[in-house]
Amino acid sequence: MPGTVLLLAASPVGRGRLVDAASVLPVLAAVPPAVLAGTDTANVVELADPLEPQAVLTRLRAAATAPGPLTLFVTGQLQLDRRQRLPHLALARTTPATVRYTGLPWHWLREELRLRPPGSTTLVADLHADPEAWQWLGANPLDCGRTTAVYGRIAPPRGRRTVAAPTYMKAVATILRSGSRPAVDQLHQAAVTRVAADGEVGDLLLPQHLVPAQQQWPVPAPAGTGQQPVAAPAGPAPGSGGAVVPAGAPAAVPAARPSAPGASPDPHTAISAAVKDGRHREADDLAAQWERQARDAHGDGSDQALHWAEVRADLAMFAGDAERSCRTWLTVAEARLAAGQPADAPAVEAAVDRAHHQWGRIGDPARARELGPALAELRRRVPGRREGALDDVRGRLRDLQTQA
């Protein structure tokens with residue numbers, strides 16, 4: 001099966017630039033696509049200093065939904081938005097004051113990759129952090145999702161007026177240009193060795209897997225036993241590969257391991273396999289079981305229960321049921337707001353954005369008219385980052401009313 005490769009290099013134009021990210025693209029572009037992907041054939045998408053975060057999201061979403069292995073090479077700089085203090089990949093128009101609207105929120109990348117089959121996604125990153133983002137990394141891992149293998153480095157702030165070179169990614173590209181395709185962990189180690197030989201120290205080397213500590217999925221009890229699921233104990237943390245870690249930098253977080261022979265460590269694996277095989281009803285039934293268990297154990301508005309509701313919303317989308325997906329995202333958004341989450345919280349904005357997107361795909365005008373007022377009310381409370389979102393809902397709703 002052919003692979004997909006996304007080459008993304010982005011950094012601001014002007015004085016805010018920390019790294020000349022796009023300089024690595026000619027070197028990466030010289031590598032044969034099959035070598036970049038580690039597959040027999042591959043499709044390559046290149047984004048050089050993009051301007052709009054929505055344009056990047058569109059390309060990222062298309063890559064994330066492509067079948068087969070996905071490899072992302074991301075080069076750029078991390079900055080925090082001043083309001084929510086969340087990491088963003090700075091784009092060409094990004095400034096410290098506008099990063100919330102002109103940068104790519106890192107959680108967008110995580111959200112787009114979260115339902116890909118385990119073992120099918122690799123992220124290779126060469127990132128430079130500004131002082132605020134570097135301090136934030138001392139207490140927070142850069143979450144890329146449970147199923148994404150992550151390799152690379154985050155470099156600390158250099159000096160003012162110093163534009164760094166993406167030396168780690170250039171080392172990766174140079175190794176691949178030789179025509180050989182070592183395993184990604186070996187490629188990472190070779191690139192780190194080259195960077196260290198050039199005298200660069202203090203980098204935070206990304207662990208191979210970043211798994212939030214709270215994401216330890218229960219192990220299902222054997223069918224017919226009547227036993228309740230038990231939490232899986234955490235296994236050993238992945239190796240850091242000889243990382244040079246700055247003081248206070250986050251450590252690798254252990255991944256969940258099964259506690260019983262033959263038990264699956266993560267129900268998402270079975271769900272992803274069912275979706276891949278076109279068994280959409282089976283995937284939804286399995287997710288519904290976990291949602292009920294989460295509600296019973298933690299409550300209807302708990303993060304655990306809402307997570308499984310979000311999974312079911314995505315499963316409806318994959319099954320082509322835009323109406324059910326929209327309804328579920330609306331329910332999730334309302335539940336998060338009712339729980340006291342602010343309207344600009346990433347999880348709330350993401351739920352409303354996805355509801356809006358699925359609403360636009362409902363083919364039955366009567367069904368769309370039914371859900372339109374609820375979406376418009378949510379859009380009034382949660383305008384999101386895209387200008388004119390509420391006007392878009394109101395305009396389409398007027399058009400739908402004329403069709404009644």
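Predicted model only: the values in this text are computed from it and were never measured.
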Exercise for review: Under the side chain to side chain contact (heavy atoms under 4.5 Å, CB included) rule, what do V74 and L123 come out as? Steps first, then yes or no, please.
Suggested key: CA-CA 7 Å; V74 179; L123 170 64; 3.5 Å; yes

**Study point:** R381 with D344: basic N within carboxylate O range, under 4.0 Å
**Key:** no

Review point. How long is the span from the CG atom in L109 to the CG atom in L57, to the nearest 0.5 Å?
Key: 9.5 Å

Check your understanding: Should the pair D81-R83 be classified as a salt bridge under the 4.0 Å nitrogen-to-oxygen rule?
Key -> no

Check your understanding: Would you say the side-chain atoms of D300 pair up with the backbone N or O of R295, donor to acceptor, closer than 3.5 Å?
Key -> no

**Study point:** Presence of salt bridge, R324 and D284, under 4.0 angstrom
**Key:** yes

Review point. Got more than 12 heavy atoms from elsewhere within 6.0 Å of CD, Q135?
Key: no

Review point. Any Lys/Arg nitrogen of R85 or E132 sitting under 4.0 Å from an Asp/Glu carboxylate oxygen of the other?
Key: yes

Review point. Any chance the side chains of R153 and T167 put a donor and an acceptor closer than 3.5 Å?
Key: yes

Study note, to complete from the structure: Rounded to the nearest 0.5 angstrom, the CG-CH2 distance for L378 and W329 is 13.0 Å

Check your understanding: Around atom CG of D40, are there more than 12 heavy atoms of other residues, nucleotides or ligands at under 6.0 Å?
Key -> no

Revision key, fill the gap. NE2 of H128 to CH2 of W134, rounded to nearest 0.5 Å, is 10.0 Å

Practice item. Write down the atom of A343, the atom of L337, and the distance for their closest heavy-atom approach. Key: CA-CD2, 4.1 Å

Review point. Under 3.5 Å, is there a donor-acceptor pair linking the side chains of H356 and R379?
Key: yes

Practice item. Return yes if a side-chain donor-acceptor contact under 3.5 Å exists between T121 and R116, otherwise no. Key: yes

Check your understanding: Step by step, would you call R354 with T328 a side chain to side chain donor-acceptor pair (under 3.5 Å)?
Key -> CA-CA 10 Å; R354 288 170 182 263; T328 308; over 6 Å; no

Check your understanding: Could you go step by step and tell me if R369 and Q401 meet the side chain to side chain donor-acceptor pair (under 3.5 Å) rule?
Key -> CA-CA 7 Å; R369 281 195 300 271; Q401 298 294 351; 4.7 Å; no

Exercise for review: Begin with the C-alpha distance, continue with both residues' side-chain angles, and end with the deciding distance and a verdict on side chain to side chain contact (heavy atoms under 4.5 Å, CB included) for F73 and M169.
Suggested key: CA-CA 8 Å; F73 295 88; M169 194 65 78; 3.8 Å; yes

**Study point:** Validation row: L78, L18 side chains within 4.5 angstrom (heavy atoms)
**Key:** no

Review point. Are any of the side-chain heavy atoms of Q358 and L371 separated by less than 4.5 Å?
Key: no

Review point. Does the pair R93 and E52 meet the rule for a salt bridge (charged side-chain N to carboxylate O under 4.0 Å, His left out), with working shown?
Key: CA-CA 8 Å; R93 294 176 178 171; E52 300 292 341; 2.7 Å; yes

Exercise for review: Working to the nearest 0.5 Å, report the span between CG of L127 and OH of Y168.
Suggested key: 10.5 Å

Practice item. Check the pair E291 / Q293 against side chain to side chain donor-acceptor pair (under 3.5 Å), numbers first and verdict last. Key: CA-CA 5 Å; E291 182 181 7; Q293 292 175 2; over 6 Å; no

Check your understanding: Counting distance only, does the side-chain N/O of H88 pair as donor-acceptor with the main-chain N or O of L86 below 3.5 Å?
Key -> yes

Check your understanding: So do the side chains of R194 and V172 get within less than 4.5 Å of each other, counting heavy atoms only?
Key -> no

Practice item. Step by step, work out the side chain to side chain contact (heavy atoms under 4.5 Å, CB included) result for R312 and W290. Key: CA-CA 10 Å; R312 296 188 69 194; W290 287 97; over 6 Å; no

Check your understanding: Is there side-chain contact between L8 and L72, with heavy atoms separated by less than 4.5 Å?
Key -> no

Review point. Hey, is the main chain of V19 close enough, under 3.5 Å, to the side chain of S11 for a donor-acceptor pair?
Key: yes

Exercise for review: May I have the step-by-step check of salt bridge (charged side-chain N to carboxylate O under 4.0 Å, His left out) for D49 and R17, ending in yes or no?
Suggested key: CA-CA 11 Å; D49 282 331; R17 173 171 290 197; 3.7 Å; yes

Practice item. Using modelled atom types only, decide if a donor and an acceptor are shared between the side chain of Q77 and the backbone of L91 within a distance under 3.5 Å. Key: no

Review point. Do you know which two heavy atoms are closest between A9 and P50, and how far apart they sit?
Key: O-CD, 3.7 Å

Review point. Tell me, do T4 and L6 make a side-chain contact under 4.5 Å, heavy atoms counted?
Key: no

Point to revise | Ring-face cation contact, W359 with R396, 6.0 Å cut, 45° max | key: yes

Point to revise | Flag, side chain of S325 to backbone of A313, donor-acceptor distance under 3.5 Å | key: yes

Review point. Please walk me through it: do D303 and R336 pass salt bridge (charged side-chain N to carboxylate O under 4.0 Å, His left out)?
Key: CA-CA 9 Å; D303 284 341; R336 291 193 177 279; 3.7 Å; yes

**Study point:** R281/D285 ion pair, N-O < 4.0 Å
**Key:** yes

Point to revise | Gap between atom CZ of R181 and atom OG1 of T39 - 0.5 Å precision | key: 8.5 Å

Review point. If you count the non-hydrogen atoms of other residues, nucleotides and ligands that lie under 6.0 Å from CZ in R367, is the total more than 12?
Key: no

Point to revise | Sub-4.5 Å side-chain heavy-atom contact between V275 and H280 | key: yes

Check your understanding: When rounded to the nearest 0.5 angstrom, what is the spacing between CG in L375 and CG in L390?
Key -> 9.0 Å

Check your understanding: Closest heavy-atom contact between Y151 and D185?
Key -> CE2-CA, 3.7 Å

Check your understanding: Counting distance only, does the side-chain N/O of T98 pair as donor-acceptor with the main-chain N or O of Y101 below 3.5 Å?
Key -> no

Review point. Run the side chain to side chain donor-acceptor pair (under 3.5 Å) check on T102 and T94 step by step: do they pass?
Key: CA-CA 5 Å; T102 60; T94 298; 3.3 Å; yes

Point to revise | R114 bridged to D314 by N-O distance under 4.0 Å | key: yes

Exercise for review: Compare all side-chain heavy atoms of H307 with those of Q304 and state whether any distance is below 4.5 angstrom.
Suggested key: no

Review point. Would you say P87 and L142 make side-chain contact, with heavy atoms under 4.5 Å?
Key: yes

Review point. Looking only at atom types and distance, does a side-chain atom of W106 sit under 3.5 Å from a main-chain N or O of D143, one as donor and one as acceptor?
Key: yes

Check your understanding: If you look at every heavy atom in G16 and P12, which pair is closest and at what distance?
Key -> O-CG, 4.1 Å

Point to revise | Pair E370 + R327: basic N to acidic O under 4.0 Å | key: yes

Review point. CZ of R59: more than 12 outside heavy atoms within 6.0 angstrom?
Key: no

**Study point:** Where V184 and T122 come nearest, the two heavy atoms and their spacing
**Key:** CG1-CG2, 3.9 Å

Exercise for review: Count the heavy atoms of every other residue, nucleotide or ligand shown that sit under 6.0 Å from CZ of R61, and state whether that count exceeds 12.
Suggested key: yes

Study note, to complete from the structure: For A21 and T75 the tightest heavy-atom approach is CB-O, 3.7 Å

